[in-house]
Amino acid sequence: MNKIVLIDGNSIANRAFYALPPLSNSAGMQTNAVYGFTTMLLRLLEEEQPTHFLVAFDAGKATFRHQDYKEYKGHRMKTPPELSEQFPLLRELLDGLSISRFELEGYEADDIIGTISRLAESQKWQVLIVTGDKDMLQLASNQVTIALTRKGISEMERYGPAEIQEKYGLAPKQIIDLKGLMGDASDNIPGIPGVGEKTALKLLHEYGSVEEVLTHADSLKGKLKERVTEHAEDARMSKDLATIFREVPVELKLEDMSYGGYDQGAARELFRKLEFKSLLERLGDAGDDAGSPQEVESLQLVRADVEGSEQLESALERVQAVHLEVIGENPHEAEVIGIALDTGDAVYTAAFDWLKQSEQAASLRQWLADAEKPKHIYDSHKAIVALHWHGLSLEGVAVDVLLAGYLLDPTQGDDTLSGLSQRYGTGWLASDEEVFGKGAKFKVPDEAITANHLARKARAVLKLAPVLKEKLEADGMRSLLEDVEMPLTRTLSRMETTGFKVDKAGLVAYGQELTAQLDTIVKDIYAQAGEEFNLNSPKQLGEILFEKLGLPVVKKTKTGYSTDAEVLDKLAPHHEIVSQIVHYRQLAKLQSTYIEGLVKEIREKTGKIHTYYRQTIAATGRLSSQFPNLQNIPIRMEEGRKIRKVFVPSEPGWQVLAADYSQIELRVLAHISGDPRLKEAFIHDMDIHTKTAMDVFGVHADEVDANMRRQAKAVNFGIVYGISDYGLSQNLNITRKEAAQFIEQYFAVFEGVKQFMTDIVKQARKDGYVSTLLHRRRYLPEIKASNFNQRSFAERTAMNTPIQGTAADIIKLAMVQMEEKLREEGLRSRMLLQVHDELVFEVPEEELGIMKQLVPQVMEQAIELDVPLKADVSYGQNWYEAK
DNA sequence: AAAGTCACG
DNA sequence: ACGTACGTGACTTTA
């Protein structure tokens with residue numbers, strides 16, 4: 001069957017113009033409307049596969065409508081020149097892509113489209129009209145669908161008669177009556193004053209048409225009756241104006257609109273001229289056509305939920321890759337919309353509802369949950385968590401290509417499936433952004449399009465898995481993936497779905513205390529400032545401090561005065577207000593992030609907070625925590641630390657148990673550097689900062705005062721961070737010279753550490769990367785930069801990453817082993833959190849004895865180093881007490 | 001969306 | 001001479 005796509009050229013160009021940033025070519029000519037138009041064209045060509053295609057434009061200023069009503073479109077703003085000068089380009093583009101276009105003096109694009117759609121309908125063609133103009137809905141029929149752009153242009157909503165009925169309760173024809181009653185300010189169509197969409201719909205639902213409404217004007221009440229009677233003529237005229245004229249003398253024949261694809265060479269030349277880089281890439285510039293979207297391999301696609309559940313059942317044993325489409329960032333509240341399974345021969349797709357509920361999907365659900373059925377996947381973590389909340393489980397992950405990609409290069413920018421496919425050359429895959437849109441424009445497209453995209457994702461996973469696995473093997477990270485990261489995914493999922501019980505009332509009560517305190521402080525600050533201002537605005541605060549009160553400017557930011565804690569600290573002696581501001585900042589932080597923020601994250605049903613750990617974010621191999629971040633709950637200041645009191649066990653009589661590694665990073669450093677003195681210190685389990693002070697200052701233990709220990713501690717931090725005299729001087733508030741001396745003294749004593757630092761930088765320069773104990777890698781291309789800053793940064797990173805990363809490796813090992821132990825021993829205790837060097841559990845009373853012995857033991861024995869690892873354990877009624 | 005700030009290890 | 005300590009996430013204001 002023939003299918004024609006009709007585009008309302010002016011409408012779409014307008015939308016694109018206003019929706020997109022003002023992109024321009026090197027000649028300074030704005031091209032955003034053409035660009036937006038082009039991406040839409042390409043998408044329609046690909047997704048609709050039309051046999052015919054036409055773009056209609058408005059022509060001339062006056063149309064037949066102006067003869068009836070001079071003010072028609074009277075108030076409309078002039079088309080800005082930045083847009084009107086894009087129309088010639090647009091025409092050129094359409095010609096270049098062999099897409100027919102049409103315009104006719106005296107008629108608008110919608111009249112042309114109305115006429116052509118009528119002709120196409122009479123030939124029993126399928127018609128898709130693309131526009132931003134709701135008036136066009138009047139053309140909808142069984143054969144004619146209207147795609148309305150929403151907000152931008154990437155999002156389209158399709159309307160047939162059924163959708164119009166659903167949305168307005170009207171037949172397509174009645175759209176004209178709707179407009180007749182309510183008018184249209186943008187076209188300067190009056191309608192009946194005071195009648196908006198609500199009233200108009202009510203009237204139409206009752207009487208059906210403008211004429212009938214007018215006939216029954218007498219039975220209306222009050223003001224409405226008055227208005228309808230008075231403006232009857234306006235209504236009739238408005239309806240006329242809104243009626244699309246479907247008898248335009250279009251000399252073009254339907255056959256003239258046939259579309260048979262475009263010439264790639266011509267398109268390339270056009271895109272080059274217009275400087276559409278991303279579109280050129282899609283075409284595969286530089287003569288490389290392999291990855292262009294027009295030439296993707298065809299897939300044998302079976303919609304298991306609608307046509308082939310039996311086929312799938314018999315194919316299940318051969319499925320190699322699975323893709324679950326999870327919508328949303330937070331898997332604890334995410335929607336799963338569909339699944340795709342790839343055997344290598346065919347891809348089977350299904351809507352999630354079917355997977356979740358259909359009897360036909362029972363064997364598929366079993367297969368998903370079967371640890372003995374290996375399956376490749378992208379982001380098993382997200383899938384496992386999202387599925388959990390729907391009562392489904394996923395086991396038997398063979399290769400998680402997201403994890404594999406992360407290990408191969410944790411700092412690569414784009415770790416989406418599409419990005420990985422491109423990087424590893426396994427074929428072109430549309431990005432989710434292209435298919436779904438992003439931000440406010442995000443929308444799940446039609447089922448067919450979605451199924452296709454999901455299928456292609458499953459295929460992308462299938463192709464990537466062996467490639468990435470081989471690379472991992474070559475780089476010595478197969479075990480890191482299979483024995484650490486993938487098992488950890490399951491452990492994390494369990495921790496997250498278990499969640500941490502929170503005393504909501506306690507949180508709210510503390511919030512009220514803070515509100516009262518904040519109130520007082522704010523008033524005080526305003527009084528001292530002599531005016532009220534937005535304390536949360538660094539800009540306004542800066543004006544008060546540095547202009548009104550004349551305090552010295554310590555530091556500037558890109559945009560103005562700096563007012564951060566360090567600056568305020570220096571300003572404190574100058575004015576009383578400063579310490580108040582510091583206090584305000586502290587409490588405001590608690591209130592917004594840790595009271596209000598956390599309250600929002602408590603699940604109604606369970607009274608728990610479920611964080612989501614991200615396993616593929618940190619460049620060093622650490623985890624990160626989101627929604628909410630439970631790795632940065634206050635502890636350093638007592639006021640903040642109190643927050644931890646609301647984190648309680650989920651069962652009565654249970655306790656919170658926490659165990660943290662003592663000095664794990666310096667112990668790791670002792671191990672990998674082999675420095676004898678550092679090793680010695682840990683073998684004798686000495687206080688490392690005191691020991692450092694003794695060695696650096698050359699004094700006895702009893703001669704180390706608090707200040708010396710503090711300075712030594714800062715030096716140790718500096719060592720771990722990749723030391724620089726400048727950084728240390730900043731931290732200790734001393735001169736760079738003094739800092740440099742400290743460092744020199746340190747290196748004189750800890751020669752092994754010094755050696756390690758120089759070696760690791762050399763190695764990074766030679767190999768281009770540094771590694772952790774478990775062979776985790778981080779590439780540091782900037783280690784060769786000529787820019788001092790870039791290079792220095794890379795050098796510090798080279799020193800820090802093996803330390804921080806190895807510590808991350810170790811606690812990951814401990815977590816996996818801990819989970820195993822709990823299962824083996826049949827313990828009911830549950831692991832809840834990881835905070836980089838700390839694990840938190842909830843423990844039944846009767847397991848307290850075993851757990852306070854077992855947890856540190858597992859942590860300490862997770863791996864054997866040249867120095868002992870040490871973990872301290874504590875427990876209490878809540879997280880605060882476990883200190 | 002970026003910048004500034006601050007919470008944690 | 002150069003001028004930053006390493007790694008994260010959340011909130012608020014502002015452009």
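Order of the sequence lines sets the chain letters (A, B, ...), proteins ahead of strands, with each chain counted from 1.
If you check every strand for non-hydrogen atoms under 4.0 Å, A:Gln540 touches sugar and phosphate atoms only. Residue contacts shown for A:Asn787 are absent, as no nucleic acid heavy atom lies under 4.0 Å away.
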Where protein sits on nucleotides 1-7 of chain C, one letter per nucleotide: B base, S sugar-phosphate only, - none, heavy atoms under 4.0 Å: -BBBBBB
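Sorted by residue number, the members of residues 585-603 of chain A with any non-hydrogen atom under 4.0 Å from DNA chain B read A:Arg585, A:Lys589, A:Tyr594. Within residues 553-567 of chain A, the residues that have a heavy atom under 4.0 Å from DNA chain B are, in order of number, A:Thr557, A:Lys558, A:Thr559, A:Ser562, A:Thr563, A:Asp564, A:Ala565. The stretch residues 740-749 of chain A has no heavy atom under 4.0 angstrom from DNA chain C at all.
Distances shorter than 4.0 Å separate none of the side-chain N or O atoms of A:Asn629 from OP1 or OP2 on B:dA7.
Taking atom P on both nucleotides, B:dG4 is separated from C:dA5 by 13 Å, rounded to a whole Å.
Taking the ring centroids of A:Phe682 and A:His671, they lie at or beyond the 6.0 Å cut-off.
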Which nucleotides of DNA chain C pair, in dot-bracket form (Watson-Crick or G-U under 3.5 Å, | meaning another strand): .....|||||||||.
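Screening residues 774-793 of chain A for ring-ring contact (aromatic ring centres under 6.0 Å, His included) gives A:Tyr769-A:Tyr779 as the qualifying pairs, with residues at least two apart or on separate chains.
Ionic pairing of A:Glu860 and A:Lys870 is not present here: no N-O contact between side-chain nitrogen and carboxylate oxygen is shorter than 4.0 angstrom.
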